[in-house]
Amino acid sequence: MLTQRPRGMHDILPQEASLWHEIEEAARRICARYGFSEVRTPILEHTELFQRGVGENTDIVEKEMYTFNDRGGRSMTLRPEGTAGAVRAYVEHKFYGGPQPVKWFYLGPMFRYERPQAGRQRQFHQFGVEVFGVADPAVDAEVIALGLDFVEDIGLKGLRLELNSVGCSQCRPVYRERLLAYYRPLREQLCEDCQDRLERNPLRLLDCKRETCKALAQRAPRIGEALCDECRAHDEGLHRHLDAAGIAYEINPRLVRGLDYYTRTAFEVVEEGIGAQGTVLGGGRYNGLVEELGGPSVPGIGFAAGLERLILALEQRRGEGASEAGVDVFGIALGDEASVELTGWLRRLRALGCRAERGFEGKSLKAQLKAADRLGARWALILGEEERRRGVVIVKDLTGGEQRELPALELESWWKETEHGTGR
Ligand code: HAM
């Protein structure tokens, strides 16, 4: 146990970190474009926040939360998602009193005690956004566009956007009754989980993955036919905005999402190629959540993308693991004095933005060149005792093998020209 990480949790090792940075930078870049600011909320919240926010009858609250009593006897939970904490912060800091909309994004780890498989971990990372204070479907379209711009920016083009409306507190109870009337006589044909969920949360039956349940869901009444006038108008408005933005979508009447807070718009972005856990991004509108969590009646909408699933999709498309960070210059010193001098030169080169590494412990020229090669360095700077005495350094092009001597004092201007020449 001592040398084993917890099940379903992963180390992000240095060779993978550059891909994570790329994705996080893309998230920040796209958010800046859309005028979203970052919020960082605690990883722990009071358990009640998720019970009330995510919903008592969801899988997350029923069986997936990491909950424990702290030393003061309070029940605390590792956040299973980011929306409840963002809403709590919005209410606690009274953002509803300022100008609306309030547009936030977050990046960070989430925790769910699920059965681990490809694309499903117990600790995973989300990039999420939330918009508070505007009910206009134009906001739904902006949030969806932001999500798609993000996945496309990191290199995932052509993903499927699925869309549905899950109604509101007016029309959903009516639909719920219709569903119950449809499912009750079929109870015996349902899987055990669905039998269990039937009376408490019948909408969830629509996205059960078991074949028999799927077949029954195909013939179930559709929520689209039960929407109230306002929900229908909102939905049609959103379609018009998406059409105008050139965003293709598929209406999926069985898209219900696994969290209870959604009203009206629900959407998911799906990558087929990564197996059963293909939903890389999911979200929707939650017009009742702020009030449910103790704030005024303020509408909201957002999404979260699973970073591990995006990485899985990217690796599949690129057909390889994450790329390693590059090295521009590898410094090779031969002798103690030369080694001391190299320390100074490399520090000055790094100050100019040069990615510089070096050999240590007085290894042979051959061994150090091998190390430079292993790191994929572009240039070697070789400083032997003789060069040091003459005030020169050997610059060796590690791609073409050519080498030349340079006065050591010109190293910095050499780098500036080289960097300029390579367009870095
Ligand atoms: P969610 O659908 O539960 O929604 O999660 C969003 C995304 O997080 C999923 O589409 C998936 O990519 C990733 N994800 C979820 N669970 C796991 C897991 N166990 N392992 C790996 N990835 C996972 C939410 O969390 C909502 N808070 C989204 C939202 C924001 N809705 C409105 N605002």
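Hydrogens, waters and symmetry mates are skipped; everything else that's a heavy atom, side chains included, is used. As the structure is a computational prediction, the values presented were derived from the model and not from experiment. Order of appearance sets the numbers: ligands from 1, and atoms from 1 within every ligand.
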Which N or O atoms of ligand 1 sit under 3.5 Å from a protein N or O, and how far apart is each pair?
{"unit_1": "ligand 1", "atom_1": "2 (O)", "unit_2": "Arg257", "atom_2": "NH1", "d": "3.0"}
{"unit_1": "ligand 1", "atom_1": "2 (O)", "unit_2": "Arg257", "atom_2": "NH2", "d": "2.9"}
{"unit_1": "ligand 1", "atom_1": "3 (O)", "unit_2": "Arg112", "atom_2": "NH1", "d": "3.0"}
{"unit_1": "ligand 1", "atom_1": "3 (O)", "unit_2": "Arg112", "atom_2": "NH2", "d": "2.8"}
{"unit_1": "ligand 1", "atom_1": "4 (O)", "unit_2": "Arg257", "atom_2": "NH2", "d": "3.0"}
{"unit_1": "ligand 1", "atom_1": "5 (O)", "unit_2": "Gln126", "atom_2": "NE2", "d": "3.3"}
{"unit_1": "ligand 1", "atom_1": "8 (O)", "unit_2": "Gln126", "atom_2": "NE2", "d": "3.2"}
{"unit_1": "ligand 1", "atom_1": "10 (O)", "unit_2": "Thr279", "atom_2": "O", "d": "3.2"}
{"unit_1": "ligand 1", "atom_1": "12 (O)", "unit_2": "Thr279", "atom_2": "O", "d": "2.9"}
{"unit_1": "ligand 1", "atom_1": "12 (O)", "unit_2": "Val280", "atom_2": "O", "d": "3.3"}
{"unit_1": "ligand 1", "atom_1": "12 (O)", "unit_2": "Gly306", "atom_2": "N", "d": "3.2"}
{"unit_1": "ligand 1", "atom_1": "16 (N)", "unit_2": "Arg112", "atom_2": "NH1", "d": "3.3"}
{"unit_1": "ligand 1", "atom_1": "19 (N)", "unit_2": "Glu114", "atom_2": "OE2", "d": "2.7"}
{"unit_1": "ligand 1", "atom_1": "19 (N)", "unit_2": "Gln121", "atom_2": "O", "d": "2.9"}
{"unit_1": "ligand 1", "atom_1": "20 (N)", "unit_2": "Gln121", "atom_2": "N", "d": "3.0"}
{"unit_1": "ligand 1", "atom_1": "25 (O)", "unit_2": "Arg112", "atom_2": "NH2", "d": "3.1"}
{"unit_1": "ligand 1", "atom_1": "25 (O)", "unit_2": "Gln126", "atom_2": "NE2", "d": "3.1"}
{"unit_1": "ligand 1", "atom_1": "27 (N)", "unit_2": "Glu81", "atom_2": "OE1", "d": "2.6"}
{"unit_1": "ligand 1", "atom_1": "27 (N)", "unit_2": "Thr83", "atom_2": "OG1", "d": "2.9"}
{"unit_1": "ligand 1", "atom_1": "27 (N)", "unit_2": "Tyr261", "atom_2": "OH", "d": "2.9"}
{"unit_1": "ligand 1", "atom_1": "31 (N)", "unit_2": "Tyr262", "atom_2": "OH", "d": "2.6"}
{"unit_1": "ligand 1", "atom_1": "33 (N)", "unit_2": "Thr83", "atom_2": "OG1", "d": "3.2"}
{"unit_1": "ligand 1", "atom_1": "33 (N)", "unit_2": "Glu130", "atom_2": "OE1", "d": "2.8"}
{"unit_1": "ligand 1", "atom_1": "33 (N)", "unit_2": "Glu130", "atom_2": "OE2", "d": "3.1"}
{"unit_1": "ligand 1", "atom_1": "33 (N)", "unit_2": "Phe303", "atom_2": "N", "d": "3.4"}

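- Looking at Gln100, its side chain does come within 3.5 Å of a backbone N or O of Phe95 through a donor-acceptor pair.
- At least one donor-acceptor pair closer than 3.5 Å links the side chain of Arg120 to the backbone N or O of Arg115.
- Checked by atom type and distance alone, the side chain of Asp11 never pairs as donor or acceptor with a backbone atom of Leu13 at under 3.5 Å.
- Counted by atom type alone, Arg309 and Thr279 present zero donor-acceptor pairs between their side chains at under 3.5 Å.
- Between Phe132 and Tyr90, the ring planes are parallel. Angles under 30° get that label, and only those over 60° would be called perpendicular.
- Neither side chain, Asn164 nor Tyr249, offers a donor N or O lying under 3.5 Å from an acceptor on the other.
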